[in-house]
Number of protein chains: 2
Amino acid sequence: MNPGFAREPNNTAVTIQDVADLAGVSITTVSHVINGTRFVSEDLTQRVLQAMDQLGYKPNLLARGLRSGRTRTLGLVVPDMANLFFAEISRAIEEIAFNRGYSLIICNSADNPEKEKTYLGVLLAKQVEGIIFISAGSSEDILNELERCGVPLVYADREIPSQLADVVLLDNEFGGYLATNHLIQLGHRQIACISGPSGLTPSADRVAGYRRALVEAGLPVCPEYIVSGDFHYHSGEIGMLHLLDLEDPPDAVFISNDMMAFGSIRAVRSRNLRLPEQISIVGFDDIILAQASSPALTTIAQPIQQMAEKVIELLFMRMHSNSAGMERQRVILKPELIIRDSTRALIQQPERTR
Amino acid sequence: MNPGFAREPNNTAVTIQDVADLAGVSITTVSHVINGTRFVSEDLTQRVLQAMDQLGYKPNLLARGLRSGRTRTLGLVVPDMANLFFAEISRAIEEIAFNRGYSLIICNSADNPEKEKTYLGVLLAKQVEGIIFISAGSSEDILNELERCGVPLVYADREIPSQLADVVLLDNEFGGYLATNHLIQLGHRQIACISGPSGLTPSADRVAGYRRALVEAGLPVCPEYIVSGDFHYHSGEIGMLHLLDLEDPPDAVFISNDMMAFGSIRAVRSRNLRLPEQISIVGFDDIILAQASSPALTTIAQPIQQMAEKVIELLFMRMHSNSAGMERQRVILKPELIIRDSTRALIQQPERTR
DNA sequence: CTGAAAGCGCTTACAG
DNA sequence: CTGAAAGCGCTTACAG
């Protein structure tokens with residue numbers, strides 16, 4: 001359009017042919033020295049290497065992928081990359097993948113099944129070699145289609161209906177149990193719970209663990225003590241406010257993720273209640289800021305590094321080996337209770353103030 | 001290897017040829033109905049659409065990209081995707097890109113220039129149409145090479161030496177000034193600062209703003225009141241501990257990012273000091289948890305959404321239009337002081353306790 | 001209104 | 001020890 005100002009046309013990427021020409025060899029030879037895929041004499045190797053260097057040659061990965069069928073790219077779909085838990089697990093996965101020579105396309109579904117579906121299509125169309133999928137609630141149809149298409153696939157974090165693929169899960173039920181039981185051991189009896197979005201298995205399982213702990217301790221499971229959030233910060237605040245406004249408010253709350261727990265702390269403070277003196281809370285996830293909040297958050301730690309490693313291990317198994325007949329793997333990791341300063345033993349008060 | 005258990009070979013992806021065959025048209029026509037790139041009769045259009053649907057056809061984006069030279073993919077390099085600030089800006093950028101039909105390859109350089117360099121090469125080799133680069137400190141040589149190769153490029157967040165490319169920055173100096181001035185207005189006189197990694201312009205600029213505020217107020221700039229961190233949580237804790245151990249500890253601290261501020265809060269609590277009664281702190285970034293910390297953090301807000309929009313706007317300008325002659329853009333956004341509960345007016349004490 | 005064919009930049013049998 | 005050539009799956013002039 002404006003040739004006078006046009007960028008230098010030497011952008012026209014340098015190709016393997018240019019390297020071959022400069023080195024005075026065939027593109028076959030260039031390809032082989034790049035990939036180390038057959039013996040090339042010392043002399044030619046040197047000439048090729050020098051030509052590549054001189055021209056600043058970078059292989060076109062699209063062409064390579066198209067021809068070879070190997071893209072050395074993985075796809076990761078997460079519901080919310082600005083949620084610290086997902087950010088941390090994404091980073092852990094990215095790092096392991098990188099060390100194995102793979103790049104990762106991270107897709108943020110923003111908790112939107114439509115977007116999730118679009119991204120899955122994009123990943124497939126981009127010929128990723130494997131997909132790690134933390135679902136935000138895609139329909140069974142879509143998942144079936146995905147599983148059928150044969151791409152190596154591992155689900156993480158969230159249980160999925162109709163699974164043919166491998167899955168790496170946390171024992172969320174046990175986590176909820178651990179958290180609630182901790183509160184019970186501390187002498188609390190009025191224990192509420194802020195759940196995550198209904199329909200997500202981690203959320204449901206955590207609440208199930210909460211219930212089991214109560215039942216085992218012979219405590220009643222009180223419906224108005226279970227309020228639902230959405231795993232986001234704000235809903236923790238709303239949920240806690242709701243609980244505090246109850247006629248008979250709880251003296252301890254199990255909040256099913258740390259983000260909401262931070263919101264809850266804000267609610268507690270806005271009511272001028274003291275934490276943990278007047279109310280104990282335990283979160284879930286152990287994101288890095290759990291240690292930094294005031295008071296530091298008692299929480300259930302997810303073994304993020306271990307999850308990431310397991311996910312990649314399974315994915316590579318499916319990608320590489322003759323794993324065709326291998327039966328579906330279900331890895332269930334154990335969470336751990338991390339006791340900090342947001343919980344404390346209930347001091348029996350002669351009469352409840354407030 | 002084990003054909004009996006081998007996955008169904010119908011994985012052999014369905015191609016445009018398969019669609020053409022089934023629809024009884026040429027691949028040219030299929031291509032044109034997919035891309036809406038020339039008129040195709042209603043009849044053929046329907047047949048193609050149906051064939052695509054029936055076969056579950058997905059265009060191979062590698063082939064498309066190779067042929068057309070357009071990959072509809074952008075690359076983003078960030079220093080630490082598990083840092084909430086970068087996670088949030090990544091999400092914002094991802095969303096805008098997605099809405100424009102682009103996918104984003106997010107690369108985590110982990111503050112490692114070597115990895116950063118590798119990733120830049122990967123992005124180029126993958127033929128991304130543009131790169132958004134938040135540097136963790138690459139050498140000038142690499143940046144020069146990058147700029148020369150002609151890929152549309154915009155730097156964000158951090159100033160870069162030898163810039164030919166556009167850049168979107170925050171006025172960090174002004175942010176540091178705002179923060180420190182706020183403390184001064186509150187009556188504080190012993191104001192310390194925890195900086196970020198030296199060598200990073202945001203960090204240096206924030207400290208420069210801190211200095212300017214002190215100087216303008218006629219206060220001394222005291223070297224031992226400036227301690228350096230690395231923008232990570234832990235260094236904020238260490239830094240604050242150091243400051244509190246000073247013979248003459250500060251009564252207010254400007255901490256140059258929120259992550260370190262959270263670390264500092266922990267330090268303050270470990271010394272049994274009360275915040276903000278005994279010490280005021282102001283952070284920088286306004287990540288979402290700043291509101292949720294206890295006390296809620298007074299901080300300097302970065303206009304993340306605006307930054308993301310500006311970055312994409314500039315990048316698309318370079319990618320699409322005849323922007324060849326357009327001069328380098330430098331967009332400097334203004335931060336904002338968000339007053340919360342971690343700062344308060346200094347109560348003049350008859351004599352300093354501790 | 002539609003199709004045959006060239007070609008994007010690689011890898012990989014095949015041949016010598 | 002090395003090269004000529006086919007072909008991956010598309011898009012896009014070119015032709016009719």
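Letters A, B, ... mirror the listed sequences (proteins, then strands); counts begin at 1.
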Is it true that [X] and [Y] make a salt bridge, defined as a side-chain N closer than 4.0 Å to a carboxylate O?
X: B:Arg328; Y: B:Glu147; value: no
X: B:Glu114; Y: B:Lys117; value: no
X: A:Glu159; Y: A:Arg330; value: yes
X: A:Glu88; Y: A:Arg91; value: no

Interatomic distance, CG@B:Asn108 vs CD@B:Glu116, rounded to 0.5 Å, equals 10.5 Å
Figure out the [atom1]/[atom2] separation between [X] and [N], and round it to whole Å.
X: A:Asn35; N: C:dA13; atom1: CG; atom2: P; result: 13 Å
X: A:Leu61; N: C:dC10; atom1: CG; atom2: C1'; result: 10 Å
X: B:Ile34; N: D:dC10; atom1: CD1; atom2: P; result: 7 Å
X: B:Gln17; N: D:dC10; atom1: CD; atom2: P; result: 10 Å
X: A:Met52; N: C:dC10; atom1: CE; atom2: C1'; result: 14 Å

Do B:Ile93 and B:Leu76 make a side-chain contact, defined as non-hydrogen atoms from C-beta onward lying under 4.5 Å apart? yes
Strictly under 4.0 angstrom, non-hydrogen atoms only: write out the protein contact profile of nucleotides 1-8 of chain C, one letter per nucleotide from the 5' end, B, S or -. SBBBBBBB
So what is the 5' to 3' dot-bracket string for DNA chain C, if pairs are Watson-Crick or G-U wobble with both distances under 3.5 Å, crossing pairs use [ ] and | means the partner sits on another strand? |||.||||||||.|||
Report yes or no: does A:Asp18 contribute a side-chain atom to a donor-acceptor pair with the main-chain N or O of A:Thr15 at less than 3.5 Å? yes
Is a side-chain donor-acceptor pair under 3.5 Å present for A:Glu95 with A:Asn99? no
